[in-house]
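These numbers come from the heavy atoms of this one structure, side chains and all, not from hydrogens, waters or symmetry mates. Here, residue 1 is the first one in the sequence, and each next residue gets the next number. Just so we're clear, the structure is a prediction, and the values are computed from it rather than from any experiment.
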Amino acid sequence: MARSDNLTGALLMMASMACFTLNDTMMKLMAGDVPLFQLLFLRGVFTTAAVAVIAWRMGAFGARVPRRDWWIILWRTVGETGAAYFFLTALFNMPLANVTSILAALPLTITLAAAVFLREPVGWKRLAAIVVGFGGVLLIVRPGASDFNVFSLYALTAVGFVTLRDLSTRRLSKETPSMLVTLITSAAIMVFFGLGSLAGEWAPMDGRALGLTVGASVMIIGGYLFSIMVMRVGEIGFTAPFRYTGLIWALVLGWLAFGDWPETITLVGAAIVSGSGLFTLYRESRQARRRYAVQALRRH
């Protein structure tokens with residue numbers, strides 16, 4: 001693999017994390033002013049329209065989706081919808097860096113869930129990293145502490161839904177276009193939260209709120225596109241660790257936009273989670289290389 005490909009993949013991963021965190025910041029800036037369901041519906045309208053155009057230009061509508069994939073897409077949509085609700089509810093009530101730090105446990109939960117539900121092999125070293133990483137999550141959440149609240153549990157629930165989403169994505173066939181799956185998910189979220197918003201009152205939106213909503217839509221589309229492009233450039237084992245640049249963005253943007261800076265114990269917990277996740281990603285990349293080498297030998 002050429003070094004330039006890995007560098008390009010790393011830059012795309014960092015751009016993806018920057019876009020997702022900027023989207024989170026813009027959404028959080030409207031917390032308390034605009035109801036969550038209204039925000040998610042309006043963002044979904046902008047996002048779905050843009051993704052539909054991109055999917056059409058990429059020829060995704062002409063693809064034949066295997067029957068088994070429709071059930072997987074359904075479960076992936078459930079995961080994405082639940083993650084959107086629980087993550088943003090936690091985000092509206094917790095510091096940006098705290099929520100992002102909890103989501104940094106995703107490589108750990110995905111590895112564990114893949115071992116339990118997909119029977120993927122996991123050695124004792126990765127299991128040890130998962131246990132240590134969950135210890136870091138406990139330092140961030142700190143159940144029983146004076147500042148512990150239910151929204152920490154919302155963030156943990158969001159991790160569960162994102163794990164469901166990502167495990168479902170692993171099961172999709174190669175014939176199913178990524179942009180088509182993204183479009184279906186975006187449209188489903190738009191419809192779900194649009195119907196949900198009818199149960200409550202809508203809040204008037206000024207130019208600032210509309211601008212932030214459009215900006216959040218642009219950022220989340222950029223995040224989707226960059227994350228898809230990452231899968232086509234460079235080695236996954238090299239580019240995946242750059243996912244943790246999202247924590248740096250969350251720290252900086254949380255301080256600049258909201259004046260939040262995590263407590264020392266939270267930073268320690270985030271470092272433990274990140275370190276455990278990086279080790280897990282490293283071990284997975286080594287296992288993938290070994291499997292590839294064995295398959296190459298068998299072909300020859």
Side-chain angles (χ1 to χ4, degrees), residues 12 15-31 33-65 69-70 72-89 91-92 158 161-162 165-166 168-169 172 175-232 246:
L12 287 171
S16 173
M17 293 301 101
C19 286
F20 282 131
T21 312
L22 283 166
N23 160 74
D24 297 339
T25 304
M26 292 178 184
M27 294 291 283
K28 185 174 174 63
L29 283 168
M30 292 181 281
D33 298 329
V34 184
L36 175 60
F37 277 41
Q38 179 183 339
L39 275 177
L40 283 170
F41 170 68
L42 292 175
R43 190 187 71 176
V45 170
F46 295 127
T47 303
T48 302
V51 171
V53 172
I54 297 170
W56 172 67
R57 292 294 299 272
M58 293 178 65
F61 292 134
R64 293 188 62 182
V65 179
D69 277 14
W70 286 112
I72 298 173
I73 292 172
L74 173 63
W75 281 111
R76 187 186 185 281
T77 302
V78 170
E80 188 78 73
T81 305
Y85 171 73
F86 284 101
F87 172 76
L88 286 171
T89 302
L91 182 67
F92 283 10
F161 275 107
V162 177
R165 181 199 70 187
D166 288 358
S168 300
T169 304
L172 287 171
E175 295 81 8
T176 302
S178 300
M179 286 308 302
L180 181 61
V181 176
T182 302
L183 174 61
I184 293 171
T185 304
S186 180
I189 289 176
M190 177 188 68
V191 172
F192 179 84
F193 288 105
L195 293 174
S197 69
L198 298 177
E201 295 184 1
W202 275 44
M205 300 178 69
D206 55 16
R208 171 183 175 274
L210 287 172
L212 286 171
T213 303
V214 173
S217 302
V218 171
M219 288 299 107
I220 201 165
I221 292 168
Y224 284 144
L225 287 176
F226 287 134
S227 62
I228 291 172
M229 292 166 67
V230 165
M231 296 297 103
R232 300 183 176 183

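- In terms of the side chain to side chain donor-acceptor pair (under 3.5 Å) criterion, Thr25 has no residue partners (sequence neighbours excluded).
- Residues Arg208 and Leu29 approach most closely at NH2-O, 3.1 Å, considering heavy atoms.
- Residue pairs meeting the side-chain hydrogen bond (donor to acceptor under 3.5 Å, both in side chains) criterion with at least one partner in residues 45-60, sequence neighbours excluded, are Thr48-Ser186.
- Scored by the side chain to side chain contact (heavy atoms under 4.5 Å, CB included) test, Ala15 finds Phe226 as partners (sequence neighbours excluded).
- The side chain to side chain contact (heavy atoms under 4.5 Å, CB included) search around Met26 returns Leu212, Ala216, Met219, not counting sequence neighbours.
- In terms of the side chain to side chain donor-acceptor pair (under 3.5 Å) criterion, Thr89 has no residue partners (sequence neighbours excluded).
- With values rounded to the nearest 0.5 angstrom, Met58 atom CE is found 12.0 Å from Leu183 atom CG.
- Between Ser16 and Gly223, the shortest heavy-atom distance links the atoms OG-O, 3.2 Å.
- Distance check, rounded to the nearest 0.5 Å: OG1 of Thr213 to CE of Met30 gives 3.5 Å.
- Taking CG from Asp166 and CD from Glu80, the interatomic distance works out to 8.5 Å, rounded to the nearest 0.5 Å.
- Side-chain contact check for Met179 versus Leu225: some heavy-atom pair is nearer than 4.5 Å.
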- Can Leu74 and Trp70 be said to form a side chain to side chain contact (heavy atoms under 4.5 Å, CB included), step by step? CA-CA 6 Å; Leu74 173 63; Trp70 286 112; over 6 Å; no

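- Thr81 OG1 to Ile189 CD1: the interatomic distance, rounded to the nearest 0.5 Å, is 4.5 Å.
- A search for side chain to side chain contact (heavy atoms under 4.5 Å, CB included) contacts involving Asp69 returns Val65, Pro66, Ile72, Leu172, Ser173, Thr176, not counting sequence neighbours.
- For residues 193-203, the pairs satisfying side-chain hydrogen bond (donor to acceptor under 3.5 Å, both in side chains) are Ser197-Trp202, with sequence neighbours left out.
- Contacts of Ser217 classified as side chain to side chain donor-acceptor pair (under 3.5 Å), with partners at least two apart in sequence or in another chain: none.
- Using the six-membered ring where Trp is involved, Tyr224 and Phe20 have ring planes that are perpendicular, over 60° apart on the 30 and 60° scheme.
- Remark: Ile54 CD1 to Ile221 CD1 distance equals 6.0 Å, nearest 0.5 Å.
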- Task: Apply side chain to side chain contact (heavy atoms under 4.5 Å, CB included) to the pair Tyr85 and Phe193, showing each step before the final yes or no.
- Result: CA-CA 9 Å; Tyr85 171 73; Phe193 288 105; 4.0 Å; yes

Can you give each donor-acceptor pair under 3.5 Å made by side-chain atoms of residues 36-46, sequence neighbours left out, with the distance rounded to 0.1 Å?
from  : atom 1 : to     : atom 2 : distance (Å)
Gln38 : OE1    : Ala203 : N      : 2.8
Gln38 : NE2    : Ala203 : O      : 3.0
Arg43 : NH1    : Asn23  : OD1    : 3.1

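- Remark: Ala188 engages Thr77 in a side chain to side chain contact (heavy atoms under 4.5 Å, CB included) (not counting sequence neighbours).
- Taking Ser168 as the reference, nothing meets the side chain to side chain donor-acceptor pair (under 3.5 Å) condition, with sequence neighbours excluded.
- Arg165 CZ to Thr185 OG1: the interatomic distance, rounded to the nearest 0.5 Å, is 9.0 Å.
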